[in-house]
Colleague: 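Here's a structure for you.
Excluded from the calculations below are hydrogen atoms, water molecules and symmetry mates; all remaining heavy atoms, backbone and side chain alike, are included. All of these numbers come straight from a predicted model, not from anything done at the bench.
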Amino acid sequence: MMPVRGVLMNIISRNVSTSTMSNQIIKLTRLRVVDNSEIGKQAMMEGKPPRCIHVYNKKGVGYIGDRVMVAIKGEKKKGILVGLKQKQNAKVPKFDSNNIVLIDDNGTPLGTRIHVPIPHIIRTIMKEKTHTKGADYTKLLAIATKFV
């Protein structure tokens, strides 16, 4: 009886994960494309969501409004984080998934519509990051349909 019980406990304990769950955007984090870009729609339909391969800030952890580089369908694309699962500051809503809007190198969104609500605080974040000679991120705000 004792050997059978030990084997049973071994089988049960194999399914228990001891690592902590990470809700932050770091390398290899799966993201959800929320715009209607062609490459984003295809990747999400195939069940192969994009993965973060680089976060463009000094901390290496992505927050709302940060640019990230993602690997999607064998290509490298850039995107803006517009919704996160991780704990947020006050007045910033917490989302059920990590949402991204794909952009090209000069900050123009690849899609023409954003399907989910995006946080209202992203207006001020994007206006701070838009420079006169650099990328124009205000186009992302123009294609958004709902704000929370």
Colleague: Quick one: closest heavy-atom pair of I53 and A71, and the distance?
Modeller: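 Looking at all heavy atoms of both residues, the closest pair is CG2-CB, 4.0 Å.
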Colleague: Are P49 and R32 close enough that some pair of their side-chain heavy atoms sits under 4.5 Å apart?
Modeller: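 They are not in side-chain contact.
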Colleague: Does a side-chain heavy-atom distance below 4.5 Å link V34 with V101?
Modeller: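 Yes, close enough: below the 4.5 Å cut-off.
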Colleague: Are V148 and I118 close enough that some pair of their side-chain heavy atoms sits under 4.5 Å apart?
Modeller: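 Not in contact.
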Colleague: Does V61 reach the side chain of I26, with side-chain heavy atoms less than 4.5 Å apart?
Modeller: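 With C-beta onward as the side chain, the pair touches.
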Colleague: Going through the distances and angles, do N98 and L84 end up as a side-chain contact (heavy atoms from CB on, under 4.5 Å)?
Modeller: CA-CA 4 Å; N98 295 317; L84 303 179; 4.1 Å; yes
Colleague: Look up atom CG in L110 and atom NZ in K41, then write down how far apart they are to the nearest 0.5 Å.
Modeller: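 Nearest 0.5 Å value for the CG-NZ distance: 12.5 Å.
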Colleague: Can you measure from CD1 (I143) to CD1 (I114) and round to the nearest 0.5 angstrom?
Modeller: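 Going from the CD1 atom of I143 to the CD1 atom of I114 covers 4.0 Å.
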Colleague: Quick check for you: to the nearest 0.5 Å, what is the distance between I121 atom CD1 and F147 atom CZ?
Modeller: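 These two atoms lie 12.0 Å from each other.
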Colleague: Could you please spell out the steps behind the side-chain hydrogen bond (donor to acceptor under 3.5 Å, both in side chains) verdict for T112 and N36?
Modeller: CA-CA 6 Å; T112 58; N36 64 347; 3.0 Å; yes
Colleague: Only one of M69, M44, R30 clears side-chain contact (heavy atoms from CB on, under 4.5 Å) with P50; which?
Modeller: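 For P50, the side-chain contact (heavy atoms from CB on, under 4.5 Å) check succeeds only for M44.
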Colleague: Would you call D104-K78 a salt bridge at under 4.0 Å N-O?
Modeller: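 Between K78 and D104 there is no salt bridge, as every charged N stays at least 4.0 Å from the carboxylate O atoms.
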Colleague: Heavy atoms, side chains only, cut-off 4.5 Å: are I72 and V33 in contact?
Modeller: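 They are in contact (side-chain heavy atoms under 4.5 Å apart), so the answer is yes.
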Colleague: Report whether I64 and V82 are members of the same hydrophobic cluster (ILVMFWY, side-chain heavy atoms less than 4.5 Å apart, transitive linking).
Modeller: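 Yes, because I64 and V82 connect within a single hydrophobic cluster, where side-chain heavy atoms sit under 4.5 Å apart.
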Colleague: Between I122 and L141, does the side-chain contact (heavy atoms from CB on, under 4.5 Å) criterion hold? Intermediate values first, please.
Modeller: CA-CA 8 Å; I122 209 162; L141 301 172; 3.7 Å; yes
Colleague: Before you tell me yes or no, could you show the steps for R51 and T29 under side-chain contact (heavy atoms from CB on, under 4.5 Å), namely the whole-Å CA-CA distance, both residues' side-chain angles and the distance that decides it to 0.1 Å?
Modeller: CA-CA 5 Å; R51 287 184 178 261; T29 302; over 6 Å; no
Colleague: Give, for atom OH of Y63 and atom CD1 of I25, the distance between the pair rounded to the nearest 0.5 Å.
Modeller: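 Reported value, rounded in 0.5 Å steps: 10.5 Å.
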Colleague: Show your working on side-chain contact (heavy atoms from CB on, under 4.5 Å) between D66 and Y56 and close with a plain yes or no.
Modeller: CA-CA 7 Å; D66 282 348; Y56 291 99; over 6 Å; no
Colleague: Below 4.5 Å, heavy atoms only, C-beta onward: do C52 and L31 meet side chain to side chain?
Modeller: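 In contact.
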Colleague: Heavy atoms, side chains only, cut-off 4.5 Å: are V68 and I100 in contact?
Modeller: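 Yes. Closest side-chain heavy atoms under 4.5 Å.
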Colleague: Please step through salt bridge (Lys or Arg N to Asp or Glu O under 4.0 Å) for the pair D35 and R113, ending with a clear verdict.
Modeller: CA-CA 6 Å; D35 61 358; R113 180 90 47 203; over 6 Å; no
Colleague: Between L102 and V70, is there a side-chain heavy-atom distance shorter than 4.5 Å?
Modeller: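 Side-chain contact under 4.5 Å: yes.
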Colleague: Could you pull out all residues at least two apart from K139 that satisfy salt bridge (charged side-chain N to carboxylate O under 4.0 Å, His left out)?
Modeller: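 So K139 forms no salt bridge (charged side-chain N to carboxylate O under 4.0 Å, His left out) with any residue.
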Colleague: With sequence neighbours excluded, tell me which residues meet ring pair (Phe, Tyr, Trp, His ring centres under 6.0 Å) with H115.
Modeller: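 Once residues adjacent in sequence are excluded, H115 has no partner under the ring pair (Phe, Tyr, Trp, His ring centres under 6.0 Å) criterion.
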Colleague: If you compare all heavy atoms of P117 against all heavy atoms of F95, which two are closest, and at what distance to 0.1 Å?
Modeller: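 Shortest heavy-atom separation between P117 and F95 comes out as O-CE2, 3.4 Å.
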Colleague: Between E75 and K73, does a salt bridge (Lys or Arg N to Asp or Glu O under 4.0 Å) hold up when you go through it step by step?
Modeller: CA-CA 6 Å; E75 298 179 30; K73 292 187 65 73; over 6 Å; no
Colleague: Report the residues that fulfil side-chain hydrogen bond (donor to acceptor under 3.5 Å, both in side chains) with T124, sequence neighbours left out, ordered by chain and then residue number.
Modeller: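 If we apply the side-chain hydrogen bond (donor to acceptor under 3.5 Å, both in side chains) test to T124, skipping adjacent residues, there are no hits.
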